[in-house]
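All values below were derived from every heavy atom in this structure, side-chain atoms included, with hydrogens, water molecules and symmetry-related copies excluded. Throughout, numbering of the chain's residues begins at 1 and tracks the sequence.
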Amino acid sequence: MASTDLKKQKIFCTTSEAAEILSISVGTVQLWVDTGLLEAWKTPGGHRRITRESINRMLHHKPVAAATAAVAVPSGGPLRVLVAEDDADLRLLYQTILRTWPMGPVLELVDNGIDALMVIERFRPDLLFIDLDIPGVDGFQMLKILNSKPEHAGMTAVVVTGLSRADIALRGGVPENFLVLPKPISFDKLLSIASALWELKAH
């Protein structure tokens with residue numbers, strides 16, 4: 001009997017077990033199930049059972065640095081900035097320029113949407129710069145997920161994209177509460193946004 005139970009635990013997890021393994025909230029697990037990031041089914045009693053395989057996939061993407069940053073950065077501390085951009089040259093450019101900003105932001109950079117979601121849960125950025133065409137979970141889906149979670153209402157997300165307005169509209173559009181800026185990137189504009197946020201955070 002114990003052997004059978006162990007086998008079952010290797011195949012699926014409850015919502016609370018998945019939350020503990022991934023170090024996220026139960027509500028986030030439920031949201032990720034609803035959006036297809038985690039594979040699950042419901043028991044006859046209506047309880048979610050999440051496949052361990054899909055949990056392991058998310059664990060594989062979990063950035064170690066993000067967990068460290070979450071401990072190192074207290075609430076009300078430095079401006080926390082997350083960049084989600086799959087172009088390695090652009091990520092390096094972000095890293096180089098943002099490190100010169102006067103408010104000294106704490107910076108995390110990721111190259112795909114799955115890592116971005118994991119970082120957001122742990123790092124709780126004040127400001128997110130996101131490209132729409134990123135792998136894993138694209139920017140369109142990410143913004144919908146963020147919009148559906150009240151705990152992220154205080155985060156400012158700025159879309160930086162090479163897509164035209166027509167292309168964005170064809171792919172479902174971007175929620176109106178997110179600012180959309182074109183590429184090539186205007187770092188002066190990004191700095192002005194960050195500076196305004198930093199002023200609000202400092203008071």
Side-chain angles (χ1 to χ4, degrees), residues 12-40 48-73 75 79-88 90-91 94-95 98 105-161 163 168 171-175 177-180 197:
F12 67 84
C13 292
T14 65
T15 303
S16 58
E17 288 169 344
E20 185 176 351
I21 292 168
L22 293 169
S23 300
I24 58 178
S25 70
V26 169
T28 298
V29 171
Q30 292 170 344
L31 179 63
W32 288 8
V33 167
D34 292 341
T35 55
L37 290 177
L38 292 172
E39 297 168 0
R48 285 183 173 89
R49 293 294 179 264
I50 298 134
T51 65
R52 187 58 196 253
E53 182 182 358
S54 68
I55 293 171
N56 288 342
R57 279 201 301 270
M58 295 299 283
L59 280 174
H60 177 71
H61 282 280
K62 182 162 63 175
V64 175
T68 305
V71 175
V73 182
S75 176
L79 188 73
R80 299 184 297 274
V81 181
L82 170 62
V83 175
E85 169 60 64
D86 64 330
D87 185 297
L90 280 182
R91 283 200 310 280
Y94 270 111
Q95 184 177 42
L98 268 61
V106 177
L107 180 63
E108 288 286 343
L109 301 103
V110 296
D111 62 3
N112 66 84
I114 293 176
D115 279 356
L117 287 170
M118 300 295 281
V119 170
I120 286 168
E121 286 299 316
R122 293 168 173 78
F123 183 52
R124 298 293 180 183
D126 302 298
L127 180 58
L128 166 66
F129 296 131
I130 180 172
D131 185 18
L132 291 175
D133 277 327
I134 50 176
V137 178
D138 68 25
F140 293 96
Q141 188 177 3
M142 265 197 66
L143 294 176
K144 287 178 183 176
I145 291 171
L146 295 177
N147 244 12
S148 68
K149 298 195 70 179
E151 60 264 41
H152 297 315
M155 181 179 66
T156 298
V158 178
V159 175
V160 184
T161 180
L163 295 176
I168 293 172
R171 293 174 62 176
V174 169
N177 54 312
F178 297 114
L179 178 64
V180 179
L197 277 177

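Shown here for Pro150 and Ser148, the closest heavy-atom pair between the two residues is CD-O, 3.6 Å. Pairing each heavy atom of Leu132 with each of Phe140, the nearest pair is CD1-CZ, 3.7 Å. Taking every heavy atom of both residues into account, Val33 and Ala40 meet most closely at CG1-CB, 3.7 Å. Of all heavy-atom pairs between Ala84 and Ala116, the closest is CB-CB, 4.2 Å. Of all non-hydrogen atoms in Leu197 and Asp126, the two that sit nearest each other are CD1-O, 4.0 Å. Counting all heavy atoms, side chain and backbone alike, Arg80 lies closest to Arg124 at NE-O, 2.8 Å.
A distance of 6.5 Å separates CG in Leu117 from CG in Leu146, rounded to the nearest 0.5 Å. Taken to the nearest 0.5 Å, the NE2 atom of His152 stands 9.5 Å off from the CD1 atom of Ile145. Separation of atoms CE (Met142) and CG (Asp138) is listed at 9.5 Å; rounding is to 0.5 Å. Atoms CZ and CE, on Phe178 and Met155 in that order, are 6.5 Å from each other to the nearest 0.5 Å.
Counting only heavy atoms from C-beta outward, the side chains of Phe129 and Glu85 never approach each other to under 4.5 Å. Two residues are said to be in side-chain contact when any heavy atoms from C-beta on lie closer than 4.5 Å; Leu107 and Tyr94 fail this criterion. The side-chain heavy atoms of Arg171 and Leu163, taken from C-beta on, include a pair separated by under 4.5 Å. A 4.5 Å side-chain heavy-atom check between Ile24 and Val29 finds at least one atom pair inside the cut-off. A heavy-atom distance below 4.5 Å is not found between the side chains of Val83 and Gln95. Within the 4.5 Å cutoff, the side chain of Leu90 has no heavy atoms near those of the Asp131 side chain. Side-chain contact check for Glu17 versus Ile55: every heavy-atom pair is 4.5 Å or farther apart. Under the 4.5 Å side-chain criterion, counting only non-hydrogen atoms from C-beta, Ile120 is in contact with Pro125.
The list of salt bridge (charged side-chain N to carboxylate O under 4.0 Å, His left out) pairs with a residue in residues 19-28, not counting sequence neighbours, is empty.
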Please lay out, stage by stage, how Val174 and Thr161 fare under the test side chain to side chain contact (heavy atoms under 4.5 Å, CB included).
CA-CA 11 Å; Val174 169; Thr161 180; over 6 Å; no
Dump the intermediate steps for side chain to side chain contact (heavy atoms under 4.5 Å, CB included) on Ile134 and Asn112, then the final yes or no.
CA-CA 5 Å; Ile134 50 176; Asn112 66 84; 5.5 Å; no
Before giving the answer on side chain to side chain contact (heavy atoms under 4.5 Å, CB included), spell out for Thr156 and Leu179 the whole-Å C-alpha distance, their side-chain angles and the decisive distance to 0.1 Å.
CA-CA 9 Å; Thr156 298; Leu179 178 64; over 6 Å; no
Report the C-alpha distance between Ile50 and Thr15 in whole Å, list the side-chain angles of each, state the deciding distance to 0.1 Å, and finish with yes or no for side chain to side chain contact (heavy atoms under 4.5 Å, CB included).
CA-CA 7 Å; Ile50 298 134; Thr15 303; 4.0 Å; yes
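A donor-acceptor pair under 3.5 Å is formed between the side chain of Arg91 and the backbone N or O of Asp86.
For Lys149, the salt bridge (Lys or Arg N to Asp or Glu O under 4.0 Å) partners are Glu121, Glu151, not counting sequence neighbours.
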